[in-house]
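These notes concern the structure reproduced below.
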Amino acid sequence: MASSVWWRRLRLRLRPRPSHFLHRSCSAKSAPALDGTEESDITEKTSTKTFSELQAERHEQAERTILISCPPNISEKKFYKYLSSYGAINKYFFYETFGIYAVVEFADKDSIGMLKSFSSIPSLQHECAIPFKSRFFSLVNNHPRDLSAAQPSVSCLKQSVIPLNELLRKLSGTESIDEQLYTICKEYQLTEENTRLRFLVCSLVKDIAAAYFPECSVKPFGSSVNNFGKMGCDLDMFLDLDSMSGKSNPKKRSVFSMEYQTKRVASERVATQNTLSVIGECIDQFAPGCVGIQKILNARCPLVRFSHQPSGFQCDLTANNRIAMRSTELLYIYSNIDPRVRALVFGVRCWARVQGITSSVPGCWITNFSLTMMVLFLLQKRNPPIIPTLDQLRDLAEAEDECIIESHDCTFVSNNKIKPSQNTETLEELLQEFFEFYGNFAFNQLSINIRKGKEQHKPEASPLYIQNPFEQALNVSKNVNQTQLGKFVTAARESAWLLQQERLKQPVSKTKPWGLATLLHPSTQSSGGRSKKQRQPASERIRSLLDSLKTNKQTSGFLNGPNSRRRHICTVAWSSPL
């Protein structure tokens, strides 16, 4: 009974948190503390909001927010008192990267205007400061002696991913593999504060772009907002100029109409390249905290890449990338259909990183996006399905949901018309099925298509073919080579066997790894002063497991029991071609 209550509470915590969620230790004094009951009510309300509604709320919130570089040994009480003199504060919190920083959300934008009017451009002895007035400030201590002996009194929130050894310790103390997967999701997902910081960075970049395009907006997309983002993931930003076109403005019936005089270029791609080139130059020259600017304008999707040092984010700014925004909303909808979706995606991604299947640098690896597509495809093929296909979401769409981007049908339902699945499989069963399904998948012949929810013959000879859900002629996994695909299949087969073996054991202590934790150990081990011992090849480990299973009286009944069919599938998988 206690375990089921724990799961229900954890599922509530894993849902997207409301935009007005307040961190107790770092909130404004006027902020109400939330107990478990209130949080449950709020998450229920939040789940009814569409992707567009949540994004609009976040953007408006970011417009009332500032970023402050704080001196060491800062007093939180004095900090709050000083900033409150400029206006009411909704929320603030501290974090640490290359120093201590504070994110402060005021109740209205006028407070920021008041603060700006009393702020000054720094005077430097050997350098000259460019007088660009952003919402990134430095808090200067005019009486350093008062705080010289004081200890830091602010609590800095975590902005990095949990170390693997600490994660393994937490997983080992759980009671089920389902609980382990929910724990990974809880530990890896973006926090409320980290999400706020991402929207603030986008808002600061928008302030730069607005010098040329006053009506533009800069929106985060991808992992930052699709509910599958991991702490420390890159910040993908989209410079949206659509609101400036005036195409949606009502046309007056008149003899005349008015148009702006504009520069003409050969194509929309050239216009995008020119725009990003200028904005990238402005970020390089004027934006405080932005370093390492790279203009990658000849890529299939032109972009400007840079690091935002105060937040620690690696940022990619693109324009004319509306399909990527639509893909982000699609994943957001899938993530909210069933709590098992996010938990399974986070678990598979964690497993893939530890196994060396994915990488933080570009290359021939399987990407996190491709892994997410593979998980969604599996969940569509369950009986009954856990999530609908994209075509089914399109059939549920209403007139206001219709979306055609560059002749591509990007229509799907945007509200909560999707009925919950009747599927009752546990996460443990779904993880097992993931390993067995893809360990036995005919990658040499078939492609993966979440629009249809069924396998199709590959239109080209790429080792791994995952169809782009909207640009259907594109393969999102075209970068993956045969070696990396083979590595994935081998790891999936091995993990399928190991996970079955672990089912025969209950956790004997709160410290010994078991279940999913056994799949997340690094590939090398060290003991005291001994040299590192390489992990056995998959085939040798499976052979050893088979031998141990044959000689174990307790497992002999299991091999001949109701799960014997599943083991037969895994045995056949070893001889199936890639």
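What you are looking at is a predicted structure, and each value in this text was computed from that prediction instead of being measured. What you see below is based on every heavy atom in this structure, not just the backbone, and it leaves out hydrogens, waters and symmetry mates.
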Sub-3.5 Å donor-acceptor pair from the side chain of [X] to the main-chain atoms of [Y], do we have one?
X	Y	result
R451	P469	yes
T367	S370	yes
R58	F199	no
E187	I184	no
N475	L464	yes

Could you tell me whether the side chain of T358 reaches within less than 4.5 Å of the side chain of N368, counting heavy atoms only?
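They are in contact (side-chain heavy atoms under 4.5 Å apart), so the answer is yes.
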Shortest non-hydrogen contact from L485 to P463?
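So the two residues come closest at CD2-O, 3.2 Å.
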Where is the tightest heavy-atom contact between C315 and H308, given as atom of each residue plus distance?
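Closest approach of C315 to H308: SG-CB, 4.0 Å.
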Is any NZ, NE, NH1 or NH2 atom of the basic residue among [X] and [Y] found under 4.0 Å from an Asp or Glu carboxylate oxygen of the other?
X	Y	answer
E193	K158	no
R64	D108	no
R322	E268	yes

Would you mind telling me which of S224, S223, S203 makes a side-chain hydrogen bond (donor to acceptor under 3.5 Å, both in side chains) with R198?
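Of the listed residues S224, S223, S203, the side-chain hydrogen bond (donor to acceptor under 3.5 Å, both in side chains) partner of R198 is S224.
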Using the benzene-type ring in the case of Trp, are the ring centres of F79 and F94 under 6.0 Å apart?
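Yes, the ring centres sit under 6.0 Å apart.
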Parallel, tilted or perpendicular for F221 and F238, by the 30°/60° rule?
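Plane angle over 60°, so perpendicular.
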